[in-house]
Protein chains: 2
Amino acid sequence: MKLFDKKNIDFGMILTQHGLSKTSFRKILIELFYTKKYSLSVDEIITNLSFPIDKVSVYRALNAFEKNGLIHKVPDMANLIRYALCQSECSFEKHLHNHAHLLCSNCNETYCINDFKIPVVNECKGFIIDNLKIILEGSCVDCQQSYK
Amino acid sequence: MKLFDKKNIDFGMILTQHGLSKTSFRKILIELFYTKKYSLSVDEIITNLSFPIDKVSVYRALNAFEKNGLIHKVPDMANLIRYALCQSECSFEKHLHNHAHLLCSNCNETYCINDFKIPVVNECKGFIIDNLKIILEGSCVDCQQSYK
DNA sequence: CAATAAACGCAAATCAATTGCATTTATTGA
DNA sequence: TCAATAAATGCAATTGATTTGCGTTTATTG
Ligand SMILES: [Mn+2]
Ligand SMILES: [Mn+2]
Ligand SMILES: [Zn+2]
Ligand SMILES: [Zn+2]
């Protein structure tokens, strides 16, 4: 569970720091990412909002957030896209993701893991490697419970 | 380059061994996977054929091949699906892929690598892991050449 | 506060992939 | 080998996620 005190976080400031304009929807969207523990799909975002929002606006906001280094994409089991908060200092210029992801093959929930030891590879068969995508598929704790 | 003598490979037999019926198109399709070095997209498959084929038939054949352990999916940079020959002894019952993939971020070519040391993980934060997907993104040799 | 730029909502378009159905081809067993 | 049965194919239509165009609304700037 991600513990934080909303009073201590200025979501408008976070948007500004990432070069994003502060609209009421965007402030609520970034707050939603801080409130929810893990990744979100477009449909989950809409479900979690207390007001109607056009799906297109969600897509455009997510694309802007991603371009400016606030969130990053994670694929689910069906190769559909989910989004998760960037954990390190990402920005428009530098978008680094040196962490792996847990993906529950049952509920599609995604968990960013920072303490997974990522193998260091720079070269393989002449191929120059500049990014590793590591997805660990399995069962999340909740889904293990419900199988008992 | 994958070297093999077509005379020595009975593609019909390969289909039979995987529980797939032998149609003229399927024999050519499996031969194409053996001929081409790496992964193929649906469009690349159609381009490489000397006769017209309905895209739907390609999709259906690929789905059948995948279900029966002859090929497996690999995502490209845009999360579109490419297909590559299974390297180990896959079948309908057991579909194991303990290898990583190189993915060229320029040309989307995919290379299966069997000698990449995959970290062993069984558990992480209560999550039960039963499959690792490792994609090494970078530049293939051909694309490095064309940038010079 | 006015001028400018960006975001939003709605409708339509795009694009990969799937589905239904009639027809053709493959498999099977007498 | 041949008819009966099952599976694959072609074509048209559909699905579903995502994107685009455009007029309107909201935010930013000075
Ligand atoms: Mn992450
Ligand atoms: Mn492979
Ligand atoms: Zn789960
Ligand atoms: Zn390349």
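Side chains included, hydrogens not; waters and symmetry mates left out as well; all remaining heavy atoms used. Throughout, a chain's letter reflects where its sequence line sits, starting with A, and its residues are numbered from 1.
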| Counting only N and O atoms by type, is there a donor-acceptor contact under 3.5 Å from the side chain of A:T110 to the main-chain atoms of A:L103? | no
| field | Residue-phosphate contact under 4.0 Å: B:R26 side-chain N/O, D:dT9 OP1/OP2 | value | yes
| Hey, does B:K55 reach any base, or is it just sugar-phosphate, or nothing, if we go heavy atoms under 4.0 Å? | nothing
| said: If I take atom CZ in residue B:F25 and atom P in nucleotide D:dA7, what distance separates them, rounded to the nearest angstrom? | reply: 19 Å
| message | As a test of understanding, state which of B:H72, B:R82, B:E44 forms a side-chain hydrogen bond (donor to acceptor under 3.5 Å, both in side chains) with B:S39. | response | B:R82
| For C:dC1, which nucleotide is its Watson-Crick or G-U wobble mate, given both distances must be under 3.5 Å? | D:dG30
| request: Report the distance from atom CD1 of B:I81 to atom P of D:dA17, rounded to the nearest whole Å. | output: 14 Å
| Short question: side chain of B:N108, backbone of B:D76 - any donor-acceptor pair under 3.5 Å? | no
| note | Among the nucleotides D:dT9, C:dA11, D:dA12, whichever has the atom closest to the side chain of A:V56 is C:dA11
| field | Rounded distance (Å) that lies between atom C1' of C:dA17 and atom CD of B:E66 | value | 13 Å
| request: Figure out the OH/P separation between A:Y59 and C:dA7, and round it to whole Å. | output: 19 Å
| task | State whether the side chain of A:N68 and the backbone N or O of A:L70 hold a donor-acceptor pair below 3.5 Å, judged by distance alone. | result | no
| query | Do the side-chain N or O atoms of A:R60 get closer than 4.0 angstrom to the phosphate oxygens (OP1, OP2) of D:dT19? | reply | no
| request: Could you check how far CG of B:L15 sits from C1' of C:dT25, rounded to whole Å? | output: 15 Å
| request: Whole angstrom is fine here: how far is it from CG in A:N79 over to P in D:dA17? | output: 14 Å
| request: Would you kindly compare A:D54 and B:Y83 by the position of their nearest DNA chain C nucleotide and give the one closer to the 5′ end? | output: A:D54
| task | Output yes when a side-chain donor or acceptor of A:Q144 lies under 3.5 Å from a complementary backbone atom of A:S139, and no otherwise. | result | yes
| Atom NZ of A:K22 to atom C1' of C:dA6: distance rounded to whole Å? | 14 Å
| field | Euclidean distance, atom CG of residue A:L20 to atom P of C:dA5 [Å, nearest integer] | value | 19 Å
| Which nucleotide sits closest to the side chain of A:S21: D:dT9, D:dT28, C:dG9? | D:dT28
